[in-house]
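Reckoned from all heavy atoms, side chains included, excluding hydrogens, waters and symmetry mates. Chain identifiers are assigned alphabetically (A, B, ...) following the order of the sequence lines, protein sequences preceding nucleic acid strands; residue numbering begins at 1 within each chain.
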Amino acid sequence: DVKLLQSGGGFVQPGGSLRLSCAASGFTFSIHGMSWVRLAPGRGLEWVSTIIGSGSVTHYADSVKGRFTISRDNSKNTLYLEMNSLGVEDTAFYYCAKDLAQLPHFDSWGQGTLVTVSS
Amino acid sequence: DIQMTQSPSTLSASVGDRVTITCRASQSINHWLAWYQQRPGKAPNLVIYDASTLEGGVPSRFSGSGSGTEFTLAISSLQPDDFATYYCQQYSSYPLSFGGGTKVEIK
């Protein structure tokens with residue numbers, strides 16, 4: 001069974017940093033692109049970032065470009081999201097998600113982790 | 001960037017009703033469209049991909065259609081489990097984008 005187990009998140013003040021992790025199991029991690037998607041209170045789903053299987057190519061939403069960094073360690077089957085210069089607008093549930101068939105639509109999701117940015 | 005517009009934003013229906021949700025893309029995305037179901041407090045679940053392919057394990061009362069810029073998700077006979085929020089997502093090009101969501105609630 002595919003499992004994506006998230007950790008990290010929590011409460012941080014504006015301007016602060018956090019790192020999210022997503023430990024994967026049950027599939028060949030290194031051949032699948034992985035993404036982060038968030039759900040802010042009262043809003044809809046928002047794509048945040050994608051990294052391809054090898055880790056050599058990344059994509060970011062304009063809203064996080066330059067502040068967030070997606071990465072992966074294929075030896076540890078783990079996906080990361082480093083978030084810097086956090087603002088209140090980044091408050092959301094963050095989900096990691098696995099690409100289906102090497103295309104960025106998502107057939108498995110992590111359980112979600114809440115990031116709260118507040119003073 | 002491709003904008004995805006869903007309608008309606010809220011839909012009130014009864015068990016057994018047929019419901020349809022529309023998603024429009026600001027430019028052609030061929031058939032590179034997925035639909036997700038999200039219940040409160042839970043992660044999204046993939047329902048349909050490639051515009052019309054049913055994800056494994058999803059009941060056959062769900063169907064998807066469309067190509068280019070206009071797409072539809074239909075539920076043939078609404079069941080209690082189906083009351084949730086539905087999102088479309090284009091994966092034709094980056095940045096990826098979701099529609100604003102359609103909340104299906106009990107009438």
query: side-chain contact (heavy atoms from CB on, under 4.5 Å) between A:Y60 and B:Y94: does it pass, once the steps are laid out?
result: CA-CA 8 Å; A:Y60 295 94; B:Y94 288 97; over 6 Å; no
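- Residues A:F106 and B:L46 fail the side-chain proximity criterion, which asks for heavy atoms closer than 4.5 Å.
- In this structure, B:R61 places its CZ atom where more than 12 heavy-atom neighbours from other residues, nucleotides or ligands lie under 6.0 Å away.
- In terms of heavy-atom proximity, B:A43 sits nearest to A:G110 at CB-O, 3.3 Å.
- Using a 4.5 Å cut-off between heavy atoms, B:Q90 makes no contact with chain A at all.
- Hydrophobic clustering (ILVMFWY, side-chain heavy atoms < 4.5 Å, transitive): A:V115 and A:M34 are in one cluster.
- Listed for the A:Y95 side chain is no donor-acceptor partner under 3.5 Å among the backbone atoms of B:P44.
- A:L81 and A:F29 fall within a single hydrophobic cluster, where Ile, Leu, Val, Met, Phe, Trp and Tyr are joined by side-chain heavy atoms under 4.5 Å apart, directly or via other members.
- At a threshold of 4.5 Å between side-chain heavy atoms, the hydrophobic network of Ile, Leu, Val, Met, Phe, Trp and Tyr places A:V64 and A:I51 in one connected group.
- Going from atom CG of B:L96 over to atom CG of A:L45 covers 12.0 Å, rounded to the nearest 0.5 Å.
- Note on ring orientation: taking the six-membered ring where Trp is involved, the planes of B:Y91 and A:H105 are parallel (angle under 30°, cut-offs 30° and 60°).
- In the hydrophobic cluster analysis, where Ile, Leu, Val, Met, Phe, Trp and Tyr join through side-chain heavy atoms closer than 4.5 angstrom, B:L33 is grouped together with B:V58.
- In the hydrophobic cluster analysis, where Ile, Leu, Val, Met, Phe, Trp and Tyr join through side-chain heavy atoms closer than 4.5 angstrom, B:I2 is grouped apart from B:Y87.
- Side chain of B:Q89 to main chain of A:P104: a donor-acceptor pair is present (N/O by atom type, distance under 3.5 Å, no hydrogens or angles).
- Using a 4.5 Å heavy-atom cutoff, the side chains of B:F98 and A:V37 are in contact.
- For A:T50, the part lying near chain B is the side chain, with the backbone staying farther off; criterion is any non-hydrogen pair under 4.5 Å.
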